[in-house]
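Take a look at the structure below.
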Amino acid sequence: MYRNTNHLVTLAAVAKAGSFAGAARRLGMPTSTVTNHIAALEADVGLDLIQRTTRSIRLTDQGHLLAQEAQEMVDVLQASRARIVAQKDRPAGKLRISVPFTFASDLLAPVLVAFSATYPDVRLEVVADNAFVDLIAGGFDLAIRIGEMEDSSLTQRKLGGARQALVAAKSYLDRAGRPASVDDLAKHKIIALRPDMPLVLTGKGGSVAVVPKTQVSVNDPRTIAAMALHGGGIAALPLFLVDHVLKDARLEVVLPEQPPRPINISLVYYGHAAQNPLTRLFVDFVADNISF
């Protein structure tokens, strides 16, 4: 009999996160506690379970075996807890969610208000970050992702494709000229999320991919929109972000017959999170209230 089964839970978290610090974030405890748990477990079984260096860790063969069995134990306990939660009249618990800044403020905020009013016993911890965070290392139950999926191990629930437009301020277009064709973009200042970011434009003749030279790149669409409003150049932006400034003519649509390809927006989570009924509850609620 192990002296403390919590140490097995910690080992499973270290194996999943790939680091003591990642396991600490996932478990909500200090890194020193994770270190102490692993040391106590190794003393308990009389074996080295993890080989440590100054920069990384590696599980021994025995560590891999015990971590796998510990994770199976954790999965059983999580499934049992999920069934208990599902049997309650009022869903209760906590969800930790990663979302991009722009999506959080422009589309998700009213949905969060509605969800919280409908399910008052569910606590939501929403972390806004434009980076693609590691869900397990960050202790997240699910995330909202904009763009194409790169991690095939994630379960994906598509919300749809958000329409985009090439936009620029009238002051900039009066000064630099209005592009009449895709080739004309090479003569203009482009503001994008990444340097020399590929741009796929769609039209009656099909899709065409171009890589306009990016003078300024910013990893926040709201900042890009602000720069475009100040006459900084042409930018591809989702319509939900710029619709209001298009209506009052502070921005103009460039090449309206060849808009950028819609961007995919999805809810994503790992398979084990699907065992938690709160995850499914939130995913279904967002999907029912946001569509493109």
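Excluded from the calculations below are hydrogen atoms, water molecules and symmetry mates; all remaining heavy atoms, backbone and side chain alike, are included.
- Across all their heavy atoms, Leu199 and Pro212 have their closest contact at CB-CD, 4.2 Å.
- Sorted by first and then second residue, the ring-ring contact (aromatic ring centres under 6.0 Å, His included) pairs with a member in residues 8-53 read His7-His37; sequence neighbours excluded.
- Using a cutoff of 4.0 Å between basic side-chain nitrogens and carboxylate oxygens, Asp248 and Arg250 are scored as salt-bridged.
- Heavy-atom minimum distance, Leu255 versus Pro179: CD2-O, 3.5 Å.
- In this structure, Arg96 places its CZ atom where more than 12 heavy-atom neighbours from other residues, nucleotides or ligands lie under 6.0 Å away.
- Looking at Leu154, Ile97, Leu142 one by one, the single match for side-chain contact (heavy atoms from CB on, under 4.5 Å) with Leu135 turns out to be Leu154.
- By the rule that hydrophobic residues join a cluster once side-chain heavy atoms approach within less than 4.5 Å of another member, Ile263 and Ile224 end up as members of one cluster.
- Asp129 is not listed as a side-chain neighbour of Pro100, based on a closest heavy-atom distance of 4.5 Å or more.
- In this structure, CG on Asn276 lies 6.0 Å from CG on Leu95, to the nearest 0.5 angstrom.
- Transitive grouping of hydrophobic side chains (ILVMFWY, heavy atoms separated by less than 4.5 Å) keeps Leu251 and Leu173 in distinct clusters.
- Side chains of Ser217 and Thr214: no donor on one and acceptor on the other come within 3.5 Å.
- Residues Val218 and Met227 share a closest heavy-atom pair of CG2-SD, 3.9 Å.
- By the side-chain contact (heavy atoms from CB on, under 4.5 Å) test, Ala176 pairs with Tyr172, His188, sequence neighbours left out.
- Applying the salt bridge (Lys or Arg N to Asp or Glu O under 4.0 Å) test to pairs two or more places apart or on separate chains, those with a residue in residues 187-205 are Asp184-Lys187.
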Listing, residues 229-239 side-chain donor-acceptor contacts under 3.5 Å, not counting sequence neighbours, or none:
unit_1, atom_1, unit_2, atom_2, d
His230, ND1, Ala226, O, 2.8

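- Neither Leu201 nor Leu193 shares a network with the other; the hydrophobic side chains, linked directly or stepwise wherever heavy atoms of I, L, V, M, F, W or Y lie under 4.5 Å apart, form separate groups for each.
- Residues near Val76 contribute nothing to a hydrophobic cluster around it, because no ILVMFWY side-chain heavy atom sits closer than 4.5 Å to its side chain.
- Ile50 and Leu65 end up in different hydrophobic clusters when Ile, Leu, Val, Met, Phe, Trp and Tyr side chains are linked at under 4.5 Å.
- Considering all non-hydrogen atoms of both residues, Ile265 and Phe240 come closest at CD1-CE2, 4.3 Å.
- Hydrophobic cluster membership of Val211, counting Ile, Leu, Val, Met, Phe, Trp and Tyr whose side-chain heavy atoms lie under 4.5 Å apart directly or via other members: none, as it forms a cluster of its own.
- Salt bridge annotation for Glu42-Arg52: present, with a cationic side-chain nitrogen under 4.0 angstrom from a carboxylate oxygen.
- A salt bridge does not link Glu252 with Lys170: none of the charged nitrogens is closer than 4.0 Å to a carboxylate oxygen.
- Lys94 has no carboxylate O lying under 4.0 Å from a charged side-chain N of Asp141, or vice versa, which leaves the two without a salt bridge.
- In the hydrophobic clustering of this structure, Ile146 does not group with Val200; members are Ile, Leu, Val, Met, Phe, Trp, Tyr whose side-chain heavy atoms approach within less than 4.5 Å, directly or through other members.
- Each of Asn4, Leu27, Leu77, Val14 was scored for a side-chain contact (heavy atoms from CB on, under 4.5 Å) with Val9, with one residue passing: Leu27.
- Nearest heavy atoms, Ile290 versus Leu107: CD1-O, 3.9 Å.
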